[in-house]
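Beneath this line is the structure, given in structure tokens, with notes to follow.
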Amino acid sequence: MNRCVGILLMMFCAMGVCAESEQATVAPAESGIAVPGESVEHTYVLKAKVGGGYQLDTYLSPLGYKGLQFGLGSEWWQPFRQDTKLGKAGKLANWEHVGRADIGMARYISSAGSNMFWGFQIEAGWGVYYRWKWIEDRLQVFAGPYLEGCFAARYHANNVNKPLSFDVAIDAMAMGGLSWSFYGKKTSYRLQYTVRTNLIGFDYLPEYGESYYEITEGVPAVARCSGHWNHHTVEHDLSLDMQFPHTTWRIGAEHYFVYYNTKYMHFMRNQICLVVGCCWKYKTRANARL
């Protein structure tokens, strides 16, 4: 654990040096609408995550598993270009798009201590949203559609007939959130909360044979339409961005909950992680407040 903490500290020291050299120096238009050839506000964040979680896999046992979760992620937030045909006359002035990619690993041990497994998870998503602004743009609310894909694999150490299992999900989601900017004497801050939940999508669950403890007799592979009736996902992100003269840092927390079932088997992942990250090109004008 001490070695992992040391690696994270070294990584973020390097990130801070890179962030200082990446600050953009182009001033935005006074009207707030981009013109051809001009840069716009663009947020890119590289982050590290560590936390804990609880998983339920009734193919293995009616008892849950607890363990440590860690990973890396990146995301970007950017307005649509106004110099496109659709964006002329500021038609897209309050529309923006967001992208995200995360990779994580976990080690979980059963409540009885009789089994453990390693978890591996990849998530990626892209969405568009409309942003409402008040109080000189300090208070902002946004909402829009979001498309997300997830691949989760588990490798079980012992007491299983099927050591490797996985599931795949693609979901059309609803996304929303709000942010509040406030200023210090030499720094500025942005507090933001985002929530995403699935509406409808696609699931693939591989074949499960008879379990080691003969709890289940086996379930064939299934590809199905998914929704709240058989698959429920909720994701919460709370972050605080702190902008200093040459770097912008992020601290926060992320919560991920997914529950799904097939026949008489149930699966659940409930994870919460602390997040530390570094932002690049947070404003197109150097030292502009958030």
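As the structure is a prediction and not an experimental result, all values here were calculated from the model.
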Are the side chains of [Y] and [X] in contact, using a 4.5 Å heavy-atom criterion?
X    : Y    : answer
S110 : L63  : no
I251 : S239 : no
K47  : E254 : yes
R250 : M242 : no
Y129 : E96  : yes
V98  : M175 : yes
F142 : W77  : yes
C150 : Q121 : yes

Looking only at heavy atoms, what is the nearest atom pair of [X] and [Y], with distance?
X    : Y    : value
D171 : S226 : OD1-OG, 3.6 Å
G277 : W249 : O-CE3, 3.2 Å
Y108 : G67  : CD2-N, 3.4 Å
T197 : T233 : OG1-O, 3.0 Å

* Considering only Ile, Leu, Val, Met, Phe, Trp and Tyr, and joining two whenever side-chain heavy atoms are under 4.5 Å apart, list the other residues clustered with I272. => none
* To do: Hydrophobic side-chain clustering at under 4.5 Å (ILVMFWY, transitive links): who's grouped with F257? Put none if nobody.
  => Y54, L56, Y259, M268
* **Contacts of type side-chain hydrogen bond (donor to acceptor under 3.5 Å, both in side chains), residue Y130, not counting sequence neighbours** => N94
* All side-chain hydrogen bond (donor to acceptor under 3.5 Å, both in side chains) counterparts of N230, not counting sequence neighbours -> none
Side-chain donor or acceptor of [X] paired with backbone N/O of [Y] under 3.5 Å:
X    : Y    : result
T187 : F244 : no
T194 : G177 : no
N198 : H231 : yes

* In terms of hydrophobic clustering (I, L, V, M, F, W, Y; side-chain heavy atoms under 4.5 Å; direct or indirect links), are L191 and I135 co-clustered? -> yes
* Asked: Would V195 and L240 show up in the same hydrophobic cluster when neighbours are defined by side-chain heavy atoms closer than 4.5 Å?
  -> yes
* **Audit row: V50, C273, side-chain contact (heavy atoms from CB on, under 4.5 Å) steps and yes/no** => CA-CA 5 Å; V50 61; C273 292; over 6 Å; no
Between [X] and [Y], do the side chains contain an N or O donor and an N or O acceptor separated by less than 3.5 Å?
X    : Y    : result
Y260 : H266 : no
Y189 : Q243 : no
Q140 : R131 : yes

* Taking atom NZ of K66 as the centre, does the number of heavy atoms from other residues, nucleotides or ligands within less than 6.0 Å exceed 12? -> no
* Just wondering, more than 12 heavy atoms not from Y193 lying within 6.0 Å of its OH? -> yes
* Evaluation steps, side-chain contact (heavy atoms from CB on, under 4.5 Å), between V276 and L274 -> CA-CA 7 Å; V276 179; L274 298 178; over 6 Å; no
* Asked: Between Y44 and C279, is a side-chain contact (heavy atoms from CB on, under 4.5 Å) present by the stated rule, with each step listed?
  -> CA-CA 6 Å; Y44 176 77; C279 305; over 6 Å; no
* Give the C-alpha distance, both sets of side-chain angles, the deciding distance and a yes or no for side-chain hydrogen bond (donor to acceptor under 3.5 Å, both in side chains) between Y256 and H236. => CA-CA 7 Å; Y256 178 85; H236 304 271; over 6 Å; no
Just to verify, what does [X] make a salt bridge (charged side-chain N to carboxylate O under 4.0 Å, His left out) with, not counting sequence neighbours?
X    : answer
D102 : K49, R100
R224 : D203
R196 : E235, D237

Could you give the distance from [atom1] ([X]) to [atom2] ([Y]), rounded to the nearest 0.5 Å?
X    : Y    : atom1 : atom2 : result
F70  : I103 : CZ    : CD1   : 10.5 Å
D241 : Q192 : CG    : CD    : 7.5 Å
R269 : Q55  : CZ    : CD    : 6.0 Å
E75  : T43  : CD    : OG1   : 8.5 Å
R190 : S179 : CZ    : OG    : 5.0 Å

Residues that [X] engages under side chain to side chain contact (heavy atoms under 4.5 Å, CB included), provided they are two or more places apart:
X    : result
W126 : W76, H97, V128
I109 : R107, M116
V141 : W132, W134, L178
F151 : F120, A153, F166, V168

* Sequence-distant partners of Y65, ring pair (Phe, Tyr, Trp, His ring centres under 6.0 Å), two or more places apart -> F117
